[in-house]
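Note that the structure is predicted; figures quoted are calculated from it, not measured. In this chain, residues are counted from 1 in sequence order.
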Amino acid sequence: MPSDAAATFLFADIAGFTALTEAHGDEHALALVEDFATAVRAELPPVDGEYVKTIGDALMLRVPDPGQAIRLGLWITRSAMSGHQAPSVRVGANHGSAVARAGDYFGATINVAARVSALAGGGELLVTGHTAALAPDLEGVIYESRGRQVLRNVAVCQMAVDPERAVGRLRLDTKAYYFCSLSCAAAFAQQPQRYAE
């Protein structure tokens with residue numbers, strides 16, 4: 001697959017997993033994640049979906065078509081984990097290109113999808129406005145805007161920068177911040193409270 005091929009990337013995880021693990025033990029939690037992954041994997045072939053990986057209790061998925069990805073995300077939140085004492089699941093999705101390497105995907109699209117997932121509540125699918133715009137007329141689907149959301153560490157990369165080689169520097173109170181690019185410096189300048197320690 002070309003590294004710039006666009007797709008919708010989803011992160012689905014079990015809400016309250018840390019508390020669930022503490023209450024029921026590691027073995028029970030692991031069995032729950034395995035059952036969750038098995039249920040989701042069974043739904044991927046009809047949407048030409050790809051199971052990318054599991055990260056703790058979270059699944060990373062890739063679906064080429066945004067409409068099918070949204071329908072899959074809804075199914076995951078409603079049906080992947082069901083029955084008595086089943087935990088709720090939350091899903092976040094973002095459509096765009098990513099770099100494929102060794103069976104994994106990297107890039108801004110992935111980072112945003114992960115951050116969107118973190119904003120979702122149990123039983124909820126959140127998608128970016130861009131993703132929703134690509135599938136505006138899904139029967140039975142009603143989009144509700146949450147307005148603009150601040151996604152942690154998305155606009156400023158926060159990489160370590162040698163002050164001698166920095167492209168930009170800004171001072172906030174008594175601390176100097178160094179930047180790898182002018183775009184990072186500009187994003188920081190617009191909302192310093194979002195990034196400052």
Please step through side-chain contact (heavy atoms from CB on, under 4.5 Å) for the pair Arg62 and Leu10, ending with a clear verdict.
-> CA-CA 6 Å; Arg62 179 188 171 280; Leu10 301 97; over 6 Å; no

Nearest atoms (heavy-atom pairs only) where Ser88 meets Gly122 = OG-CA, 3.4 Å

Are the side chain of Thr21 and the backbone N or O of Phe17 linked by a donor-acceptor pair below 3.5 Å?
-> yes

Considering all heavy atoms, the nearest Ser82-Ser79 contact | OG-O, 3.8 Å

Identify the heavy atoms of Ala132 and Val127 that sit nearest to each other, and give their distance.
-> CB-CG2, 4.0 Å

Arg41 vs Glu50 side-chain heavy atoms within contact, under 4.5 Å = no

How many angstroms lie between CD in Glu43 and OG1 in Thr38, if you round to the nearest 0.5 Å?
-> 12.0 Å

Drop me the distance from Arg90's CZ to Ile14's CD1, to the nearest 0.5 angstrom.
-> 11.0 Å

Is the backbone of Gly121 close enough, under 3.5 Å, to the side chain of Glu124 for a donor and an acceptor to pair up by distance?
-> yes

Might you work through the side-chain contact (heavy atoms from CB on, under 4.5 Å) test for Val99 and Arg101, ending with a clear yes or no?
-> CA-CA 6 Å; Val99 176; Arg101 288 284 188 280; 3.4 Å; yes

Examine Leu134 and Leu61 and state if one hydrophobic cluster contains both, with Ile, Leu, Val, Met, Phe, Trp and Tyr joined whenever side-chain heavy atoms are less than 4.5 Å apart.
-> no

For the atom pair CD1 (Ile110) and CE (Met60), what is the distance rounded to the nearest 0.5 Å?
-> 3.5 Å

Under 3.5 Å: donor-acceptor pair, side chain of Thr131, backbone of His95 | yes

Hey, what do you get for CG (Leu125) to CG (Leu74), rounding to the nearest 0.5 Å?
-> 5.0 Å

Where Thr109 and Phe9 come nearest, the two heavy atoms and their spacing | CG2-CD1, 3.7 Å

Could you check Phe36 against Leu59 for side-chain contact (heavy atoms from CB on, under 4.5 Å), going step by step and ending with a plain yes or no?
-> CA-CA 9 Å; Phe36 175 48; Leu59 309 180; 3.7 Å; yes

Are Val47 and Tyr51 connected, step by step, through hydrophobic side chains (Ile, Leu, Val, Met, Phe, Trp, Tyr) whose heavy atoms are closer than 4.5 Å?
-> yes

Roughly how far, to the nearest 0.5 Å, is OG1 of Thr18 from CD of Glu22?
-> 6.5 Å

side-chain contact (heavy atoms from CB on, under 4.5 Å) between Val33 and Thr54: does it pass, once the steps are laid out?
-> CA-CA 9 Å; Val33 171; Thr54 300; 4.2 Å; yes

Identify the heavy atoms of Asp13 and Ser117 that sit nearest to each other, and give their distance.
-> OD1-OG, 4.3 Å

Tyr105 and Val52, any side-chain heavy atoms less than 4.5 Å apart | yes

To the nearest 0.5 angstrom, please state how far the CG atom of Leu32 sits from the CD atom of Glu27.
-> 12.5 Å

Is Tyr143 reachable from Val63 through a run of I, L, V, M, F, W or Y residues, each pair having side-chain heavy atoms under 4.5 Å apart?
-> yes

Decide whether Leu44 and Ile70 are clustered together by the hydrophobic rule: side chain heavy atoms of Ile, Leu, Val, Met, Phe, Trp, Tyr closer than 4.5 Å, transitively.
-> yes

Heavy-atom pair with the smallest gap, counting every atom of Leu20 and Pro87 = CD1-CB, 3.9 Å

Shared hydrophobic cluster for Val116 and Val40 (ILVMFWY, side-chain gaps under 4.5 Å) = no

